[in-house]
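Below is one structure; the comments refer to it alone.
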There are 2 protein chains.
Amino acid sequence: MIAPHFLFMNKRNSIEPQQNPESDAPSCEARLVHLDQVRQVQPEILPLLEAQQMAEFFGVLADPTRLRLLSALANQELCVCDLAAGLKMGESAVSHQLRLLRAMRLVKYRKEGRNVYYSLADSHVINLYREVAEHLHETH
Amino acid sequence: MIAPHFLFMNKRNSIEPQQNPESDAPSCEARLVHLDQVRQVQPEILPLLEAQQMAEFFGVLADPTRLRLLSALANQELCVCDLAAGLKMGESAVSHQLRLLRAMRLVKYRKEGRNVYYSLADSHVINLYREVAEHLHETH
DNA sequence: CCCATATATGAATAGCTATTCAATTGTTTA
DNA sequence: TAAACAATTGAATAGCTATTCATATATGGG
């Protein structure tokens, strides 16, 4: 298996929100059971801050409406109004969601007159979809 | 750009929870503005059901604790107790989250005595991480 | 057989989130 | 300039979710 350390972006095992390894164990007396394992795994655990960033990103994709918006934009740029019509939703709801997609830099936009045209920002989303689609299609 | 239609798994543009294209538009009078665009994009929009499935999957990854659990398991299998100790969390919380990861088939487990050892189910998660890490590391 | 331990589970609570409604901004056109 | 319109924004509400606490199940040791 590939080294996860790299994958989880532990560029440096620097100071993190985590307490030091020897501190109190919350409940399970792990230090009595598998202290070695715990010691070994702790530096490989994704630091809380980076975990939160990544979770925030996945969270943006964790909504049917936003996924449908992205799918609509996969082929062509569209204005808010047309997106709303295509999804049969209110413009306000769509605008709120586009804001999130914008914040995560998944879409970009362009103003033309009183319309605002949105389009996909890069190809990362496409790759993510492919991976997840593959996973979801495996033996259920 | 790659054909999104394929990526979004519209195996068939069959009957879906969506109303027919001519039905009432909620608010924006899109049929007056860009009816052609709306018509064109609608069959490409990810169907609601599939969008929900995919959103559910991303939702599992949209939590710092679960991401950290996965990072802990990337290298080695670990029992609940050690995972809890490594993350400095209660066993109950960890167990609840592992249940979700199990439901999404991201981890598998093995019982040995009174311990239950968890490990990653496949390599999809690894790939997802890589893609997202790349995205997050691009010019902020 | 009883007790400690490992894990799982259910209920409860606090915090987050998606949509709606109302109001606002900025732009075009009449 | 007034009116219509596209889009955004803020507040409010309903629904979801992560953790905690309490309890349950099961396994191994004495």
Side-chain angles (χ1 to χ4, degrees), chain A residues 25-34 37-38 48 51-52 55-69 77-104 107-118, chain B residues 25-34 37-38 48 51-52 55-69 77-104 107-118:
Chain A
S27 54
C28 173
E29 44 189 336
R31 57 196 156 207
L32 300 182
V33 185
H34 301 123
Q37 305 256 20
V38 177
L48 188 55
Q52 285 168 336
E56 188 187 3
F57 179 85
F58 279 120
V60 173
L61 297 179
D63 178 80
T65 297
R66 287 192 288 270
L67 289 175
R68 299 181 80 215
L69 284 173
E77 67 171 12
L78 286 166
C79 65
V80 178
C81 184
D82 291 350
L83 283 168
L87 268 68
K88 308 245 185 264
M89 292 183 60
E91 300 168 58
S92 181
V94 168
S95 185
H96 275 296
Q97 305 297 8
L98 285 172
R99 188 218 244 279
L100 281 179
L101 293 175
R102 226 167 38 200
M104 277 294 141
V107 299
K108 55 182 192 286
Y109 65 99
R110 160 180 88 79
K111 302 184 84 168
E112 180 180 320
R114 46 191 162 184
N115 291 320
V116 177
Y117 288 89
Y118 282 85
Chain B
S27 54
C28 173
E29 43 189 336
R31 57 195 155 209
L32 300 182
V33 186
H34 302 122
Q37 306 256 20
V38 177
L48 188 56
Q52 285 169 338
E56 187 187 4
F57 179 86
F58 279 120
V60 173
L61 296 179
D63 178 80
T65 298
R66 286 192 289 270
L67 289 174
R68 298 180 80 214
L69 284 173
E77 67 171 13
L78 287 165
C79 66
V80 178
C81 184
D82 291 349
L83 283 168
L87 267 69
K88 308 246 185 263
M89 293 184 59
E91 301 168 57
S92 181
V94 168
S95 186
H96 275 294
Q97 305 296 7
L98 286 172
R99 187 219 245 280
L100 281 180
L101 293 175
R102 227 167 38 201
M104 277 293 141
V107 299
K108 56 183 192 286
Y109 64 99
R110 161 181 87 80
K111 303 184 83 168
E112 181 180 319
R114 45 191 162 180
N115 290 321
V116 177
Y117 288 89
Y118 283 84

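So you know, we letter chains A, B, ... as the sequences are listed, proteins then strands, and number each from 1. Since the model is a prediction, treat every value here as computed from it, not as a measurement.
- Atom CG in Leu101(B) sits about 10 Å away from atom P in dA18(D), given to the nearest Å.
- Shown here are the side chain to side chain contact (heavy atoms under 4.5 Å, CB included) partners of Ala55(B), two or more places apart in sequence or in another chain: Pro64(A), Leu67(A).
- Across Arg110(B) and Glu112(B), no two heavy atoms sit closer than the pair NH1-OE1, 2.7 Å.
- Rounded to a whole Å, the CG atom of Leu83(A) is 14 Å from the P atom of dA6(D).
- Residue Leu61(B) contributes atom CG, which lies 12 Å from atom P of dA18(D) at whole-angstrom precision.
- Distance CG (Leu87(A)) to P (dT20(C)): 12 Å, rounded to an integer number of Å.
- Among the atoms of the strands shown, only primed sugar atoms or phosphate atoms (P, OP1, OP2) are found under 4.0 Å from some heavy atom of Leu100(A).
- Place Asp63(A) and Lys111(A) on DNA chain C by their nearest nucleotides, and Asp63(A) ends up nearer the 5' end.
- Heavy atoms only, all atoms of each residue included: Glu91(A) and Val80(A) are closest at O-CG1, 4.1 Å.
- The side-chain heavy atoms of Val116(B) and Leu98(B), taken from C-beta on, include no pair separated by under 4.5 Å.
- Atom P of nucleotide dT27(D) and atom CZ of Arg110(B) are separated by 16 Å, given to the nearest angstrom.
- With dA7(D), dA18(D), dT27(D) as the choices, the nucleotide that has an atom nearest any side-chain atom of Cys79(A) turns out to be dA7(D).
- Toward the 5' end of DNA chain D, the nearer of the two residues His96(A) and Val116(A), judged by each one's closest nucleotide, is Val116(A).
- Summarising the geometry of Ala84(B) relative to Val94(B), their closest heavy-atom pair is CA-CG2, 3.7 Å, with the distance given to 0.1 Å.
- For the pair Arg99(A) and dG10(D), the criterion of a side-chain N or O lying under 4.0 Å from OP1 or OP2 is met.
- As rounded to whole Å, 14 Å separates atom P of dA18(C) from atom CD of Gln52(B).
- Residue-to-nucleotide contacts include a donor-acceptor pair under 3.5 Å from the side chain of Ser92(B) to the base of dT9(C).
- Between the CD atom of Gln97(B) and the P atom of dG10(C) there is a distance of 16 Å, rounded to whole Å.
- Between Leu98(B) atom CG and dA6(C) atom P the separation is 16 Å, expressed in whole Å.
- Under 4.0 angstrom from either OP1 or OP2 of dT29(C) there lies no side-chain N or O belonging to Arg114(A).
- Closest to the side chain of Ala93(A), from the set dT19(C), dG28(D), dG26(C), is dT19(C).
- For Arg102(B), whose side chain is taken as the heavy atoms from C-beta onward, the closest listed nucleotide among dA4(C), dA8(C), dT19(D) is dA8(C).
- Each of dT9(C), dT9(D), dA18(C) was ranked by its minimum atom distance to the side chain of Ser95(B); first place goes to dT9(C).
- In this model, the phosphate group of dA6(C) is not approached by any side-chain N or O of Tyr109(B) to a distance below 4.0 Å at OP1 or OP2.
- Considering only side-chain N and O atoms, Asn115(B) lies under 4.0 angstrom from the phosphate OP1 or OP2 of dT7(C).
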